[in-house]
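Right, one structure below, let's go through it.
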Amino acid sequence: MQLEASWLRHLQSEFEQDYMRQLAEFLRQERLAGKQIYPAEGDLFQAFEHTPLPAVKVVILGQDPYHGAGQAHGLCFSVKPGVKTPPSLQNIYKEIQAELGHPIPEHGCLSTWAQQGVLLLNSVLSVEQGLAASHQGRGWERFTDRVIEVINDQRQAVVFLLWGSYAQRKGAAIDQTKHCVLKAPHPSPLSAHRGFFGCGHFTAANDYLRQQGLSPIDWRVPELQRQLLD
């Protein structure tokens, strides 16, 4: 398990603890047993690769990776180029369109957000194909709790977007005197109409960043061809 250097400085000790060794062994045994694990091993920590700790401006907190073939690539809510945009992300796009007037993108790859400082962090970083929540309780939650603690302690004026009760419980300890915490229902089709639509989070996040003297996030998702060229 490899981690980007700025994160590793604060998280190295986690990899030396028994729970992370046990998690690594669990993943190894699952793969040896022929199980398909998502995302690919090299993509487990893509959120950290795309968004080093000093660059974090916004944290979007998800729960588990997508468990369908070819979807997950280490960024929460995001899917690989060429994969159909999942319903929750479609609803995120609809809210951005309603708030900011940006067109609905043709794809679901959010790497351009991550490169601007949006940490797209799932609570659990792996899953077995076709089995939602199959890797919950294996240690990832403890690791990502520590990630949130590091951001809370080491950074200032970060916007946390906590959608749904799971994310809100996980972010309960964030210091709201030094960070901006925005809460809404989850963008899933089951709950988006209960307050995610109309939440105003993308506008509010940028307003807060500007107030802190930071550049806002460009929430537009460029056309795939242009994104790949960039």
Side-chain angles (χ1 to χ4, degrees), residues 47 50-51 56-68 71-124 127 132-133 144 148 151 157-172 174 176 179-212 214-224 227:
H50 280 287
T51 314
V56 174
K57 294 180 179 179
V58 177
V59 177
I60 298 179
L61 190 59
Q63 190 165 347
D64 294 277
Y66 297 119
H67 55 82
Q71 291 181 300
H73 64 131
L75 307 178
C76 77
F77 291 106
S78 180
V79 291
K80 290 182 178 181
V83 175
K84 183 180 178 181
T85 303
S88 292
L89 182 53
Q90 282 283 8
N91 287 338
I92 291 169
Y93 286 164
K94 289 175 184 176
E95 176 59 22
I96 291 171
Q97 183 181 52
E99 289 184 40
L100 302 170
H102 298 330
I104 301 291
E106 63 180 13
H107 64 91
C109 182
L110 303 180
S111 60
T112 55
W113 291 3
Q115 289 158 8
Q116 295 178 73
V118 181
L119 182 67
L120 297 167
L121 179 68
N122 275 317
S123 177
V124 176
V127 71
T144 52
I148 293 169
I151 298 168
V158 171
V159 181
F160 289 84
L161 302 184
L162 306 181
W163 300 330
S165 57
Y166 183 94
Q168 289 160 24
R169 288 193 301 271
K170 193 169 181 71
I174 296 164
Q176 297 189 46
H179 301 292
C180 174
V181 176
L182 301 176
K183 300 177 183 180
H186 195 277
S188 160
L190 298 174
S191 55
H193 291 279
R194 297 204 291 265
F196 177 78
F197 289 137
C199 68
H201 280 187
F202 302 96
T203 298
N206 278 349
D207 287 346
Y208 177 82
L209 291 173
R210 289 189 189 96
Q211 290 166 10
Q212 302 300 318
L214 300 169
S215 58
I217 304 299
D218 184 353
W219 295 109
R220 291 174 294 185
V221 175
E223 294 178 8
L224 192 55
Q227 187 171 158

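In this text, all values refer to a predicted model and were calculated from it rather than measured experimentally.
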Any donor-acceptor N/O pair, [X] side chain to [Y] backbone, under 3.5 Å:
X: Ser191; Y: His186; answer: yes
X: Gln97; Y: Pro103; answer: no
X: Asp64; Y: Val124; answer: no
X: Glu95; Y: Gly200; answer: yes
X: Asn91; Y: Ala192; answer: no

If you look at every heavy atom in [X] and [Y], which pair is closest and at what distance?
X: His107; Y: Pro222; result: NE2-O, 2.8 Å
X: Pro216; Y: Gln116; result: O-OE1, 4.3 Å
X: Ala133; Y: Val127; result: N-CG2, 4.1 Å
X: Trp219; Y: Ala205; result: CZ2-CB, 4.4 Å
X: His102; Y: Ile96; result: CD2-CG2, 3.8 Å

Cut-off 3.5 Å, no hydrogens considered: what does the side-chain donor-acceptor table look like for residues 157-169, sequence neighbours left out?
residue	atom	partner	partner atom	Å
Trp163	NE1	His201	ND1	2.9
Tyr166	OH	Ser123	OG	2.9
Gln168	NE2	Leu162	O	3.2
Gln168	NE2	Gly164	O	3.4
Gln168	NE2	Ala184	O	3.0

Less than 4.5 Å apart, any side-chain heavy atom of [X] and any of [Y]?
X: Leu182; Y: Cys180; value: yes
X: Ser111; Y: His50; value: yes
X: Ser88; Y: Pro189; value: yes
X: Trp113; Y: Val58; value: no
X: Ile60; Y: Leu119; value: no
X: Leu61; Y: Ile148; value: yes
X: Gln90; Y: Ile104; value: yes
X: Val59; Y: Val56; value: yes

Using 0.5 Å steps for rounding, measure from the [atom1] atom of [X] to the [atom2] atom of [Y].
X: Tyr208; Y: Lys57; atom1: OH; atom2: NZ; value: 13.0 Å
X: Asn122; Y: Thr144; atom1: CG; atom2: OG1; value: 8.5 Å
X: Leu100; Y: Asn206; atom1: CG; atom2: CG; value: 7.0 Å

If the condition is salt bridge (charged side-chain N to carboxylate O under 4.0 Å, His left out), which residues does Lys170 pass it with, not counting sequence neighbours?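 Partners of Lys170 under the salt bridge (charged side-chain N to carboxylate O under 4.0 Å, His left out) test: Asp145.
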Around atom CZ of Arg220, are there more than 12 heavy atoms of other residues, nucleotides or ligands at under 6.0 Å? no
Donor-acceptor pairs are to be reported for all side-chain atoms of residues 73-85 against protein atoms at under 3.5 Å, with residues two or more places apart or in another chain.
residue	atom	partner	partner atom	Å
His73	NE2	Ser78	OG	2.7
Ser78	OG	Gly108	O	3.3
Ser78	OG	Leu110	N	2.9

Should the pair Phe196 and Phe202 be assigned to parallel (<30°), tilted (30 to 60°) or perpendicular (>60°) ring geometry? perpendicular
Derivation of the side chain to side chain contact (heavy atoms under 4.5 Å, CB included) call for Leu121 and Thr51: CA-CA 10 Å; Leu121 179 68; Thr51 314; over 6 Å; no
